[in-house]
Participant: 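One structure, pasted below without further comment.
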Amino acid sequence: MLTFDDYKGQQPSWCPGCGNFAILNTLKKVFVDLAMQPHQFTIVSGIGQGAKLPHYTKCNTFNGLHGRTLPVATGIRLANNHMTVLALAGDGDCYGEGGNHLIHAIRRNINVTLLVHNNQVYGLTKGQASPTTPQGRVTKIQPSGSLSEPLNPLAMAISLNCSFVARGFAGASGLPFLQEIIKEAIRHEGFAMVDILQNCVTFNKVNTFHWYKERAYELEAGYDPTDRVEAFRRSLEWGERIPTGIFYRNDRPSYEQGLTVLKEDPLVKQALFRKDMSAELAQLH
Amino acid sequence: MLTFDDYKGQQPSWCPGCGNFAILNTLKKVFVDLAMQPHQFTIVSGIGQGAKLPHYTKCNTFNGLHGRTLPVATGIRLANNHMTVLALAGDGDCYGEGGNHLIHAIRRNINVTLLVHNNQVYGLTKGQASPTTPQGRVTKIQPSGSLSEPLNPLAMAISLNCSFVARGFAGASGLPFLQEIIKEAIRHEGFAMVDILQNCVTFNKVNTFHWYKERAYELEAGYDPTDRVEAFRRSLEWGERIPTGIFYRNDRPSYEQGLTVLKEDPLVKQALFRKDMSAELAQLH
Amino acid sequence: MEYSIRIGGEAGQGLQLIGGVLAKYFVRAGFYVFSHQDYMSRVRGGHNFYQITFADRLLESVRDTYDLLVALDLPTIALHRHQLNNQGHILYDQASCGGKQEGEEFLDIPLALLVEELNAPRVMVSSASIGAVLAVLDLPLAPFQGIIGDFISKKTEEIVASNYAVANAAFVYARAHYDTIPSVPVATLADAPLMLINGSQAIGLGALASGCKFYAAYPMTPATGIMNYIAGKAAKYGIVVEQAEDEISAINMALGASYAGVRAMTGTSGGGFALMTEGLSLAGITETPVVIAEVQRPGPATGLPTRTEQSDLLFVLHGGHGEFPRVIFAPGTPEQAFYLTNKAFHLAEKYQIPVFIQSDQYLADCQWSLADFDSRLLYQEDFRLRGELLVGLESYQRYAYTESGISPLAIPGDSEHLVVVDSDEHDEDGHIIEDAPTRNLMVEKRLFKKMALLREEISPPLYYGEHNPQAIVVGYGSTFGVLKEAVEHLAGEFKIGLLYFSEIYPFPLLEQFDYVALLKEAPVTICVENNATSQFARVLHGETNHRCTYLINKYDGRPFTLQTLIGEIHAYL
Amino acid sequence: MEYSIRIGGEAGQGLQLIGGVLAKYFVRAGFYVFSHQDYMSRVRGGHNFYQITFADRLLESVRDTYDLLVALDLPTIALHRHQLNNQGHILYDQASCGGKQEGEEFLDIPLALLVEELNAPRVMVSSASIGAVLAVLDLPLAPFQGIIGDFISKKTEEIVASNYAVANAAFVYARAHYDTIPSVPVATLADAPLMLINGSQAIGLGALASGCKFYAAYPMTPATGIMNYIAGKAAKYGIVVEQAEDEISAINMALGASYAGVRAMTGTSGGGFALMTEGLSLAGITETPVVIAEVQRPGPATGLPTRTEQSDLLFVLHGGHGEFPRVIFAPGTPEQAFYLTNKAFHLAEKYQIPVFIQSDQYLADCQWSLADFDSRLLYQEDFRLRGELLVGLESYQRYAYTESGISPLAIPGDSEHLVVVDSDEHDEDGHIIEDAPTRNLMVEKRLFKKMALLREEISPPLYYGEHNPQAIVVGYGSTFGVLKEAVEHLAGEFKIGLLYFSEIYPFPLLEQFDYVALLKEAPVTICVENNATSQFARVLHGETNHRCTYLINKYDGRPFTLQTLIGEIHAYL
Ligand SMILES: Cc1ncc(C[n+]2csc(CCOP(=O)(O)OP(=O)(O)O)c2C)c(N)n1
Ligand SMILES: Cc1ncc(C[n+]2csc(CCOP(=O)(O)OP(=O)(O)O)c2C)c(N)n1
Ligand code: SF4
Ligand code: SF4
Ligand SMILES: [Mg+2]
Ligand SMILES: [Mg+2]
């Protein structure tokens, strides 16, 4: 039996009070709950504060480029569909630099669990507006306030018929629920996106832990996550009340399920070389 | 008074029967209707079959890279917000390679009219699946059929609160309506996306002109394009019946309206150089 | 004996079918063949041509002139008749070329009419053209039947028969109206029949033969041919071929797959490669093996998208931020392409680095007739930490310092050992570091140690020619064939040699062959490149300190053609 | 007189405030100042330091050792005490450094306690440190009051007063307990007060002074400083500063804005530049002026994101597919950065090309004390077809062939003439073509003709030193200051010179200054670079055929420091 401490990694370099600690601890609990052996899963991350997380636990790790988590995660799954793959990214990473990959990972329905550390700001680069930053927020680069409409990742994912769309909140009160959401997301066969509201004590002085805490609530029991239009409607709720939970899910087949070459074995387990190329040569005669 | 023939450009290089001809002619009619002087508007396009269009009419033209129409169009509008800017792109160009720019152009609400020549295929590169290609479609690269869920551009735009979202059909029956839609789109202050169903006689043998014609219908009179959830619901309609028309619009301010430095004059009309830098130097003392 | 045919017309008029079938026919008939395509960036219309030379000896380049021009439209006649050889002929149909043409060279065949008379669909005019060509060349029609099926999408017996009937009608008509033109002796080949193969297929085949299990790319001319080929074999070989949403994704997917334990590849042209350079740098710091086919076309930007150029060498050599090792191969024939693709996979995995196969539209699309490749010559060695190597392994560090700089490459999930890779500078475990000593050690391990060993892996350049030549022609990549034929031609008159590089970087050492001494001693050295700025000559100078006496450049999007190149070289001799 | 202070501690402990205020203080006090920051890629924690040297003569580099170490935590003492000069001191607070430290060099000041006693917030420990430092140096506290306000976000009178009170408490305490350490004579400057300016500010200022109206970028360390500076001035200067969704967008936006008629710029670091290379090539073929600041950090990939390196030179030189002209400047001081940014805008528009300002984290973040820049030296010429030039203009072709290769640059919408640009190869009108003759003409116009003229625009390198030196040190870019100080130091003992390049490409001609002859005649030439593969030495060889005798490289992410570099050069003399 693996315990929480078995997932201890490097010393985190986050600011004291950063919401990333809660996400890290919740994840470790999920690993314990699901009895995930460290070598049986891979965490892919980009560049940003949240993206440092895999170093702070025990797992196979691909800490790649800013914005490019999902292509790497997709490549891993296609090469080894027996590997559990989590992708961790910041809101800048995943909705900014990497926005295109998100769209297409959702379309593919690749069996990857995406956790977005959404602190509504670029943390590591010191406080610029991110795609989820509220309109009007003043930063060094936007001294008269950010002008763009903040991106609603849940609505967008639902519009793309993402097979699992959820939001969690990384504050004490929200953690047990977040833990359940992430567990469901990992268990889900197909692409699962969990947008996690995370405070940044240093650069986001508005959407603080308390700000979220006052607003976040759980989608009511009896909420039907299979109704796409209703899910869309609920995803638009933002402001005084912010719903968390699994907004939408469907059971369209995962990408891997559609690939006949993966029917028997993952690519990585298949024969390496084939000496006899004569059939291919003959075809060219 | 400008006439249709005043917009004659180079000889088109499209296949006979290609839906792009209808789009070209409709556009020229729009130019006539709106009395747009060729030098008063710029068409930005990417690389693809539809993207060749600006050469086939008369206008300022920036025929740039595959996938990068919207950043160029945005740059033009920011430098000169008195210029009418149209962006033309293929479904591969705009929803594939350029997907990220679409998300963020919508968020900005930059005053650009985007026309997507959506033939559900990569035309210029000879028939690969595009983001809007139906699942199961066989191509050279996808010999067992395309696996991804086709992208629903309207639903995605609505989820991003795009301020003008429409679909047109480039077949004879749909042209007068398309013409009206494009006119509205150009008149709209803010980002306007028009997805145009266009046949490709060479590489899309399924979604032919007739296939579209049988299915396309106009959104009913009395349809309320300001109801976002309803617009989302209608945008999901696809199959035996395909709605066309203006699905959604809102009047959030355009990006340019929010920029104080553009309040008086476009950048391009502002003073060029300032000799006296002493205030800035003094600040460094 | 040597005979050239140029078929000209609009896109959509069946040039590829006519040219493809004829090239295959000639190979099957026992000739050596070389074919070349010149096409515009459009699907219909415009002006394109397809040129085939066949002979009784190895052919490796495009001829400036031809013996038979098949004109599918009037512009073809206007554009190409001046390059017809003496006694050459122009085969055409009045109906598609604006009426009867006057002149002895014209062979007037009512192709469209013949098709109509048989109630066959108009597209079968292509088969009629083929029938007429074969008749004119006095070659039998029968083998056509076994070939045409491979070139049409719906290969039913009925359609094949119908094509044959049409071809036959034209064949009979041509026989009846025109004497057969040249006397074409069917060459008898000593051994096995030849393959007809282009560079894209050769690279694809090389990938299959090297255990490639993953190919991710975004469509881009002229690189798409590789993807098409591999996709066609994917089911059989157990390969995932993934059309990515963009090139950034393509290379990152390939890195993900490679990290997960399979041999992975991507391919693109210059514009797509530009988007991959950040991922290339990621391969560099994470030490993830990857093979990249960069298939050049004339730039900058969209440039001339369906044409050829060798203008990305320095970009591929220096692309990506920061400093890391790489290998670049630039094959000159499908044969080189096949074996070098195999060597690319071999070195990529052995050294855990990105390796390039740099090709171009010319190599990608031209067809060579070649003997079968020999699978026994392939590198097929697995460098991963697998099976027995894992037994009892106590600890594992992805970036362990070693004598060679190469750390053991484990597969995540294969054992309890974790595989941690990082785009930040890292320690032996793969975790982020910022201290100077670790950084220094990692640069030494990753860059200096590996580069030193890599140099030893590179084969010397090829040299054809005299021992003490008056002049040496220098070249690399896809110009191999035309350079070789040109030098062979000039060798009658001059003491001349060809120094040819297909393994470009790192530059070959001098131990096995001191080509620098050879260059220094030659009174004249001439570097020939399909670009404007002599990129290879600059690399050569940087690596060897030798500056070539003369530079021959071509940057109009067209390949060098044999007779013109002979003339250009001759001018410097 | 020269005095160095190093302040060490964790991110979040106020290093930037302490260092920033002190540097400003010393400048205002009439000293020359040089400051340097060493920080980790994290917002809190880790280990960072800030180093300031002040003196009565121009300072241009980092010292290896220092006279005063301000230790905000215990690791600082452990890590840095060994580099303390003889008679140097360590100022610390027992409370934050794990208790009392034994040793004569320790100056123990209860900073936290003093803050607490005043009921001031903990962050004000920074002001206390400053007060203590000033006391120790025997400098007056009063000027502190006028400076502190610029360094805190909420600049109310109350908070300023409170900071002052805290500083004063520490000042008084230190005065009471320790003799003032060195006798620091306040230098008297001949003329105007100096600016304290870093490379980012200088580039930003250069952009303002050159009529830049559009700056698009994606945040990336260490390039963000330029964007911050310009964003702060945008309202005043009428500039749109756009945070793009990615770097691809940033460069394409800049090209759109430039096409539309305004001077446009983008900036990024290596990884972001990798993503811009396709757009760079687009600038090349469309002939769209653009200025690109490439601010280097150690790669590959994420590398050491907050540190310094000169490892992207060859990437910037050869980045982008296809062949097109470009200019690269690599300034060595804020002064050079300012004037070269201006020249970059000038040449970009004059020749309608991309021009680079290549900087690095060292240049970006270090602060120099410099005299005011002189606006009269600026290029401020408008090359667009505007106003009178448009009157009566009958026709317009964006890519008209001209003697110089430069076609008139019109602004869309300014007249009835249409401006058509294309990423495909095009004719004079800007429409797509595929024929060979037009292609050749365009390559000649765009590349050959312009490059020939561009060469004439480049200033010769700088040379400091003897006429017939025994040894020449060669360098480029941000190492200027340390090279100059090192060579000045060695000049006492050796006949030595410094040959320094800040205008890198095209390479300077020899007409004005035959630096190649100089190099060839010197018995020893030593190229010093902040990278692993001697990229500049390779460019130098390619352009001049001169190979340096020795190469000094540093690739640990840290800049060269003066004494160490002197030692390394000395070893080769
Ligand atoms: C190509 C590229 N562009 C820019 C950067 C610089 N960069 C690093 S992290 C980051 C944004 C961080 O924001 P986010 O993704 O929201 O993560 P957070 O730090 O807030 O957790 C940026 C812009 C980079 N590393 N690579
Ligand atoms: C960076 C880059 N990648 C790939 C290409 C090749 N390419 C040109 S057009 C095109 C797709 C065309 O499809 P679409 O955008 O749908 O336009 P259509 O031809 O169907 O109108 C591609 C992949 C390119 N020009 N640039
Ligand atoms: S800057 Fe913000 S996101 Fe980053 S570690 Fe600190 S609190 Fe967390
Ligand atoms: S290939 Fe299709 S999209 Fe392209 S021109 Fe032909 S019909 Fe139109
Ligand atoms: Mg964030
Ligand atoms: Mg399309």
Side-chain angles (χ1 to χ4, degrees), chain B residues 11-18 20-21 45-49 51-52 55 62-68 90-102 119 121-131 133 137-148 151 200-205, chain C residues 10-13 16 39-48 153-154 200 204 215-236 239-250 267-272 274-275 297 299-306:
Chain B
Q11 183 65 30
S13 69
W14 295 312
C15 311
C18 174
N20 277 315
F21 288 102
S45 70
I47 298 298
Q49 295 287 20
K52 297 176 184 170
H55 296 284
F62 195 115
N63 183 1
L65 299 171
H66 181 60
R68 315 304 168 190
D91 42 332
D93 192 311
C94 191
Y95 305 142
E97 185 86 47
N100 202 32
H101 311 307
L102 177 60
N119 54 8
V121 75
Y122 283 18
L124 191 60
T125 47
K126 308 201 167 168
Q128 300 83 12
S130 90
T133 296
R137 180 72 50 85
V138 170
T139 79
K140 276 193 191 168
I141 293 181
Q142 290 89 9
S144 2
S146 166
L147 286 174
S148 288
L151 181 126
C200 167
V201 294
T202 308
F203 296 113
N204 190 338
K205 308 284 191 189
Chain C
E10 291 187 359
Q13 282 193 307
Q16 297 225 334
Y39 58 99
M40 295 183 74
S41 178
R42 52 192 289 171
V43 169
R44 287 286 151 79
H47 182 74
N48 300 347
S153 45
K154 289 201 201 98
S200 302
Y215 189 93
Y218 187 79
M220 189 161 193
T221 309
T224 314
I226 302 171
M227 193 174 193
N228 286 340
Y229 184 83
I230 298 180
K233 306 291 174 192
K236 177 168 170 193
I239 300 174
V240 169
V241 173
E242 182 56 31
Q243 182 181 322
E245 58 274 21
D246 56 31
E247 290 84 352
I248 302 172
S249 184
T268 184
S269 187
L275 295 166
R297 64 192 214 188
T302 310
L304 293 166
T306 58

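Just so it is clear: chains get the letters A, B, ... in the order the sequence lines come, proteins before strands, and each one is counted from 1.
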Participant: Compare every heavy atom of B:P12 with every heavy atom of C:R42, then report the nearest pair and how far apart it is.
Facilitator: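 That closest heavy-atom pairing would be NH2-O, 4.2 Å.
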Participant: Please report the closest heavy-atom contact between C:R44 and B:C15, naming both atoms and the distance.
Facilitator: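 The answer is CG-SG, 3.1 Å.
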Participant: B:T202, B:L65, B:T139: which one forms the most heavy-atom pairs within less than 4.5 Å of chain C?
Facilitator: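 Top option by heavy-atom pairs under 4.5 Å: B:T202.
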Participant: Name the option with the most non-hydrogen atom pairs under 4.5 Å to chain B; the candidates are C:T306, C:N228, C:I248, C:I230.
Facilitator: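 If we count pairs closer than 4.5 Å to chain B, C:N228 comes out on top.
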Participant: What residue, out of B:I47, B:I141, B:L147, has the most heavy-atom pairs lying under 4.5 Å from chain C?
Facilitator: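 The candidate making the most pairs under 4.5 Å is B:I141.
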Participant: Of the listed residues (C:P219, C:G45, C:A231), which shares the most heavy-atom pairs with chain B below a 4.5 Å separation?
Facilitator: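 When all of C:P219, C:G45, C:A231 are compared, C:P219 has the most.
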Participant: Would you mind checking which part of B:Q142 comes under 4.5 Å of any heavy atom in chain C, side chain (CB onward), backbone (N, CA, C, O), both or neither?
Facilitator: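 Only the side chain of B:Q142 comes within 4.5 Å of chain C.
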Participant: Could you tell me which portion of C:E247 (side chain, backbone, both or neither) has an atom closer than 4.5 angstrom to a non-hydrogen atom of chain B?
Facilitator: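 Both parts, heavy atoms under 4.5 Å.
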Participant: Is it the backbone or the side chain of C:L275 that comes under 4.5 Å from a heavy atom of chain B, or both, or neither?
Facilitator: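 The side chain, not the backbone.
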Participant: Among B:A129, B:S144, B:P131, who wins on heavy-atom pairs under 4.5 Å with chain C?
Facilitator: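 Result: the option with the highest number of such pairs is B:A129.
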Participant: Roughly how far apart are B:L151 CG and C:E245 CD, rounded to 0.5 Å?
Facilitator: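 Reported value, rounded in 0.5 Å steps: 11.5 Å.
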Participant: Calculate, to the nearest 0.5 Å, the distance between atoms OG and CD belonging to B:S13 and C:E10 respectively.
Facilitator: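 One finds 11.0 Å between OG of B:S13 and CD of C:E10.
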Participant: How would you list, by chain and number, every residue that makes a side-chain hydrogen bond (donor to acceptor under 3.5 Å, both in side chains) with C:D246, sequence neighbours excluded?
Facilitator: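 Here the qualifying residues are A:N100.
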Participant: Given heavy-atom pairs under 4.5 angstrom as the criterion, report whether the side chain, backbone, both or neither of C:S249 touches chain B.
Facilitator: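 The answer is neither part of C:S249.
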Participant: Take C:T224 and B:Q128, measure what side chain to side chain contact (heavy atoms under 4.5 Å, CB included) needs, and give me the verdict at the end.
Facilitator: CA-CA 10 Å; C:T224 314; B:Q128 300 83 12; 3.5 Å; yes
Participant: Output the option from C:S41, C:G46, C:A301 having the highest count of non-hydrogen pairs under 4.5 Å with chain B.
Facilitator: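 Most heavy-atom pairs under 4.5 Å with chain B: C:S41.
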Participant: Would you mind checking which part of B:F203 comes under 4.5 Å of any heavy atom in chain C, side chain (CB onward), backbone (N, CA, C, O), both or neither?
Facilitator: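 Contact with chain C is through the side chain of B:F203 alone.
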